[in-house]
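One structure below.
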Amino acid sequence: LNRLLTAHTKRILPRYVLCILSPGRTTASEERVQSVIRLTNPLVGDMLRESVEKLSILTDQVYPIVNLDMQFRYGDNPEIADCLTDSKVQNPNQYRACVFTIEIKDNSPTSLRKELGISHLVAVQVVRKGGGWSALGGLSSAKIEVPVELLQYLLHDIALDIAMFHSWPFLVEQFGASPEKGNQFSKMKAEFARQTKRKSFYGPINDESLDYFPLAAYCRRGSGFDYDAYEKLWKEFLQESILGESRNLLDVPQSSDNPIAYIFRHHEYKGQLSPEKISKDVSGLTRGVYLLLLTHKRPKRGIVRTHLAHMFGRKRFRLGLWKIIPFSDFERYAREYPYITFFKFVVSQ
Amino acid sequence: MSKSANYIAFIDLLGTTEFALEDKVKFYNRLISFQETITNNCHLLAGDGRVFFFSDSAYIESDNLDKLVTYLRKVRKALLELGLYMKGAIGTGELNASDPHNSNLIKDRKEVKLRKETVIGHCFGEDVVPIYALQAGLKGVGIRIAENLTQDFVKKGYGVASCYLPIENNRRAECFYDLKLDDSELNDGILKLYLRNFYVTNTKSKKYGRYYLPFIVSWINSTDFSATVLTDSSNGTGSSSVPLIFDLLLLSRSFDKHFTDLVGLEYVFFALLNKIFIECDSEKVKRRVFEYIASRKKLLSRLGTLPTCVMSSETKKQFLEKLSGKVALIHP
């Protein structure tokens, strides 16, 4: 099932992490830390892809792929604001974490977050022994002290929360419009996390005034991750803190987006699809989660081609045949990968 | 620099043009990472060398070979960890960086000042030409050592034999000496990242696929296989007692699964066979490598074209002798 549901979607969110490494002559242990940090990026990428795939199969949501890219700078300046306002930093609003091997300082006003267009920013201090979550004030929403070995998990968890947020269209509509709204959402999430009093994998919450906390940190189990608990926790948070008693999460439209527009915006092979024919089929669908199947690769064996053609209601196989099936039938068709591609979409009404 | 420089090197970041067309943020970040790596390690050359860099390439000179090699290795390691790959060359000579402002000849101080403020850059002496040509001829990841330096480099443990494919639609390999990867560079994380990036790039592309070959051959030739032992648990599932490259090529065979159409795949396997036959004492390990290669017709058909840098004539003889035992074997 590897990469089945995310391989052909082009819905990608670019996000960045800035790493400030000690410059010049470094000791052997510092060098080891730097080496691990530099190798973290691909590890996080692999973990994120796997998590989004797993959640895509487990849940009814449509997740974007978060493309987390780590940038490296060598420097002595521990002030976060200086690092992010540096001329070398492009798109500062897309930075979500700053990793420091030198001791972090954050003396800038909180309003700078708004000026830079950042909804939340995690200050990550690499230490020998983890010290938990605290509020640093200033530009950062929270400070976390972690050993370098846990850095890949932490960055994965922060990015997974971003993917989760963007998988609920009503949240993006309500809180994604401006950095202040995003900041407000982060605060609500941190408050919920503090009240639930669960055990965070990266150490305890030390400050009540924390502006950010990734719920994924509660579901991390060492190198593993409890996806069921994660989904449950998010739903609990949305119901309790966002929707309240008056609205039920089940009644909230899954997608405010027109499914036809969604398909033609994000499908990798949208050029092969006929807008008229797809619109005709999609408009007749009832509320639910569906998969758009498309023949993408020609099997070498004739028997497989015939089987696939029959599956699509045709006598002969050709590339570009398509079909819409309910998401619940996913496993029945999954075995036909890689000859067919799968594209998940939601119909809200 | 007061002392005269004897060694010069040129390095160039690979794939920059492709990134410029693909993603401007990534392109910019690659250049910044290159710049930071070049400058952050400059203390290794302090007093004994100079670096001139522009965009994605750098010229380095030093009169101390050890320092120059340490610097190049540190830079290469940091770039490898970032998934950035470079090609380059090392040779003898001096950069002879020119003064573009002719400040000795122009008497008008204002004019000199204006020139210095407006024009920044250098032109190098003729010694640079062969070094530049050496790296330009290398079609792949690596730091090529000039022929007059190879003996010194091998003696000092800085050089290692490798090969590349000079012509796009031709499988014939050419030998060169690469800057040997040291123990800190031979890190499993780096190899995994390299193969991952290799897989992501279109490996079937004859133009780009061949660029990855020299690094893998150099990696094999830089790795110490003398302590490689196969335990009972390493029957195809991998074992911690073998280097990762051995595991990928022969135990888990993931290399074979994912890079079936790689141009020059035979050089990778025969380089491994050569190293194992020369270095490793374990008969079990030798047998495993031999049997795997002997069972693959495609690899065997390329045996005649192998250059000596991939497989020494002695190993080739040993291999053929072993193989000849199989020739007369009649299967029921």
Side-chain angles (χ1 to χ4, degrees), chain A residues 2-3 7 10 12-47 49-50 67-77 83 86-95 101-102 148-149 151-152, chain B residues 13 19-20 22-47 67 70-71 73-85 181-201 244 254 257-258:
Chain A
N2 196 22
R3 298 200 177 173
K10 284 198 151 185
I12 297 168
L13 295 176
R15 293 290 182 270
Y16 296 95
V17 170
L18 185 67
C19 300
I20 304 293
L21 310 177
S22 344
R25 292 154 209 257
T26 44
T27 62
S29 65
E30 278 173 330
E31 207 165 275
R32 191 190 66 83
V33 167
Q34 292 191 2
S35 195
V36 176
I37 292 175
R38 282 195 293 253
L39 284 166
T40 299
N41 199 11
L43 299 173
V44 177
D46 282 348
M47 284 166 64
R49 198 167 274 277
E50 197 187 325
N67 195 354
L68 203 68
D69 207 348
M70 289 168 72
Q71 309 301 323
F72 301 88
R73 303 274 180 273
Y74 296 93
D76 282 327
N77 189 350
C83 299
D86 190 291
S87 61
K88 289 173 188 168
V89 171
Q90 295 188 332
N91 307 328
N93 59 328
Q94 288 180 356
Y95 282 77
T101 57
I102 49 178
V148 75
E149 291 75 19
L151 184 64
Q152 53 169 315
Chain B
L13 205 57
F19 266 92
E22 227 172 72
D23 184 337
K24 68 172 185 177
V25 176
K26 277 196 176 171
F27 168 75
Y28 177 76
N29 287 329
R30 282 170 78 94
L31 294 188
I32 290 294
S33 298
F34 182 66
Q35 176 192 305
E36 301 276 0
T37 312
I38 289 279
T39 46
N40 189 50
N41 290 294
C42 69
H43 64 269
L44 296 167
L45 284 175
K67 283 191 176 181
T70 313
Y71 177 77
R73 279 177 167 169
K74 285 275 178 192
V75 167
R76 180 171 65 180
K77 184 185 175 228
L79 293 176
L80 285 171
E81 284 168 345
L82 296 173
L84 302 178
Y85 307 108
L181 292 130
D182 69 4
D183 289 347
S184 72
E185 288 175 284
L186 293 166
N187 173 326
D188 287 357
I190 288 177
L191 184 62
K192 282 179 190 167
L193 178 61
Y194 185 82
L195 294 178
R196 202 185 109 109
N197 287 339
F198 187 10
Y199 187 73
V200 172
T201 321
L244 179 66
S254 65
K257 280 177 210 158
H258 296 107

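What you see is a predicted model, and the numbers here were worked out from it, not measured in a lab. Sequence lines set the chain letters: A, B, ... in the order given, protein chains first and strands last, and positions in each chain run from 1.
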Closest approach of [X] to [Y] (non-hydrogen atoms, all atoms of both residues):
| X | Y | value |
| --- | --- | --- |
| A/S35 | B/K77 | OG-NZ, 3.7 Å |
| B/L193 | A/P42 | CD1-CG, 3.3 Å |
| B/A78 | A/Y74 | CB-OH, 4.4 Å |

Review point. Does the side chain of A/L21 reach to within under 4.5 Å of the side chain of B/E36, using non-hydrogen atoms?
Key: no
Of A/E31, A/M70, A/R38, the largest count of non-hydrogen pairs under 4.5 angstrom with chain B goes to A/R38
From the list A/R25, A/Q71, A/R73, A/Q90, the residue making the most non-hydrogen contacts under 4.5 Å with chain B is A/R25
Would you compute the distance between atom CG of B/N41 and atom OG1 of A/T26 and round it to the nearest 0.5 angstrom?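 Here the interatomic distance stands at 8.0 Å.
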By residue number, those in residues 181-192 of chain B with heavy atoms under 4.5 Å from heavy atoms of chain A are B/N187, B/G189, B/I190
